[in-house]
Amino acid sequence: GKFNMSDQKSDVTKEDLKNFKEEIVHQFHVISEDVITQGKQVAEGVANVDEKVERTRLELKEEIDNKTQPIAQAVIALDGKVTALDGKVNTLDGKVTALDGKVDRIHKELTSEIQETRQEILAAVKFSYAELDKRLTTLEKEFLGLKLRVEKIEGRSSV
């Protein structure tokens, strides 16, 4: 039947309480050791994850370096080529400018030479014209003289 406190009190002894206390302390030790063990396992897991993350970070860094290094070298090489090309363009620019100067000088020389030749030809033509004019005048005089002589001869023969 009925639950009676006084009956139960009489059944529980100091020995029972001591045993109960020891059992609780024992259980606490078991549980706390288990918690400590699990804590250590968690700490080891965290350390392992930490190690893996660091290893992955180093691998990624190495991979990135391996991929970016050739690009950096290509950029440096390209920069060198651009600089060299720049130098060639500047040299070419200088040569074009020099050639421009030569062409201008030759053009001036030819223009001057053409002017001189033109003057010489004009002088020669004028001289030739004057010479021809003189000869023509002489021929005309001679022709008139001959004409007069022919007319005289013809006038005599008709008489």
Side-chain angles (χ1 to χ4, degrees), residues 20-159:
F20 182 66
K21 179 186 154 196
E22 284 175 5
E23 182 61 29
I24 288 174
V25 168
H26 174 72
Q27 285 297 320
F28 177 77
H29 283 297
V30 169
I31 290 169
S32 63
E33 278 181 31
D34 192 36
V35 166
I36 288 168
T37 302
Q38 287 179 0
K40 284 180 181 174
Q41 287 175 343
V42 167
E44 283 175 18
V46 167
N48 284 340
V49 166
D50 222 21
E51 207 176 286
K52 280 182 183 173
V53 166
E54 181 59 18
R55 205 169 40 241
T56 304
R57 188 188 72 79
L58 290 172
E59 286 170 2
L60 282 173
K61 184 186 180 304
E62 186 181 351
E63 195 175 327
I64 288 169
D65 286 350
N66 288 344
K67 287 199 166 90
T68 54
Q69 200 171 9
I71 293 171
Q73 286 172 343
V75 166
I76 290 168
L78 200 59
D79 190 47
K81 286 180 180 177
V82 166
T83 303
L85 204 57
D86 241 8
K88 286 181 180 175
V89 166
N90 286 338
T91 302
L92 203 58
D93 198 36
K95 287 181 179 177
V96 166
T97 303
L99 201 59
D100 237 10
K102 275 186 183 175
V103 166
D104 280 351
R105 198 176 62 247
I106 289 170
H107 179 262
K108 283 178 186 165
E109 287 171 5
L110 283 175
T111 303
S112 170
E113 208 172 304
I114 288 169
Q115 275 303 108
E116 287 172 20
T117 306
R118 188 171 169 267
Q119 295 298 330
E120 288 170 8
I121 290 171
L122 279 175
V125 166
K126 277 184 184 174
F127 177 77
S128 296
Y129 180 79
E131 191 67 28
L132 283 172
D133 192 47
K134 215 186 334 174
R135 288 167 104 186
L136 194 59
T137 305
T138 305
L139 282 173
E140 281 175 342
K141 283 180 187 171
E142 286 178 8
F143 177 74
L144 278 175
L146 283 174
K147 192 178 170 189
L148 284 173
R149 281 173 67 193
V150 167
E151 283 174 0
K152 271 186 190 176
I153 292 171
E154 282 178 353
R156 263 194 251 146
S157 61
S158 65
V159 174

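In what follows, every heavy atom counts, from backbone to side chain, and hydrogens, waters and symmetry copies are set aside.
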Handout entry: Inter-residue atom distance I71.CD1 - N66.CG, 0.5 Å rounding
Key = 11.5 Å
Exercise for the section: Answer whether the closest heavy-atom distance between the side chains of K147 and E151 falls below 4.5 Å. Expected result: yes
Practice task
Evaluate the side-chain proximity of E142 to L139: yes if any heavy-atom separation is below 4.5 Å, no if none is.
Solution key: yes
Fill in the blank from the handout: Contacts satisfying salt bridge (Lys or Arg N to Asp or Glu O under 4.0 Å) that involve residues 39-52 (not counting sequence neighbours) are E51-R55
Practice task
For the pair E63 and K67, find out whether any cationic side-chain nitrogen is under 4.0 Å from an anionic carboxylate oxygen.
Solution key: yes
Exercise for the section: Output yes when a side-chain donor or acceptor of S112 lies under 3.5 Å from a complementary backbone atom of K108, and no otherwise. Expected result: no
Handout entry: Heavy-atom check, side chain of K95 versus side chain of L99, under 4.5 Å
Key = no
Problem - Criterion side chain to side chain contact (heavy atoms under 4.5 Å, CB included) against I106, the qualifying member of D104, L110, V103 - result: L110
Practice task
Measure the spacing between NZ of K102 and CG of D100 and express it to the nearest 0.5 Å.
Solution key: 12.0 Å
Completion exercise
So CD1 of I121 and CD of E116: to nearest 0.5 Å the spacing works out to 12.0 Å
Practice task
For E54, check salt bridge (Lys or Arg N to Asp or Glu O under 4.0 Å) against everything at least two apart and list the hits.
Solution key: R57
Exercise for the section: Check side-chain hydrogen bond (donor to acceptor under 3.5 Å, both in side chains) between K61 and all other residues, then give those that pass, not counting sequence neighbours. Expected result: D65
Completion exercise
Here the gap from I153 atom CD1 to L148 atom CG, rounded to the nearest 0.5 Å, amounts to 11.0 Å
Problem - Rounded distance [0.5 Å steps], OG1 in T83 versus NZ in K88 - result: 12.0 Å
Fill in the blank from the handout: In this structure, CD of E33 is separated from CZ of F28 (nearest 0.5 Å) by 10.5 Å
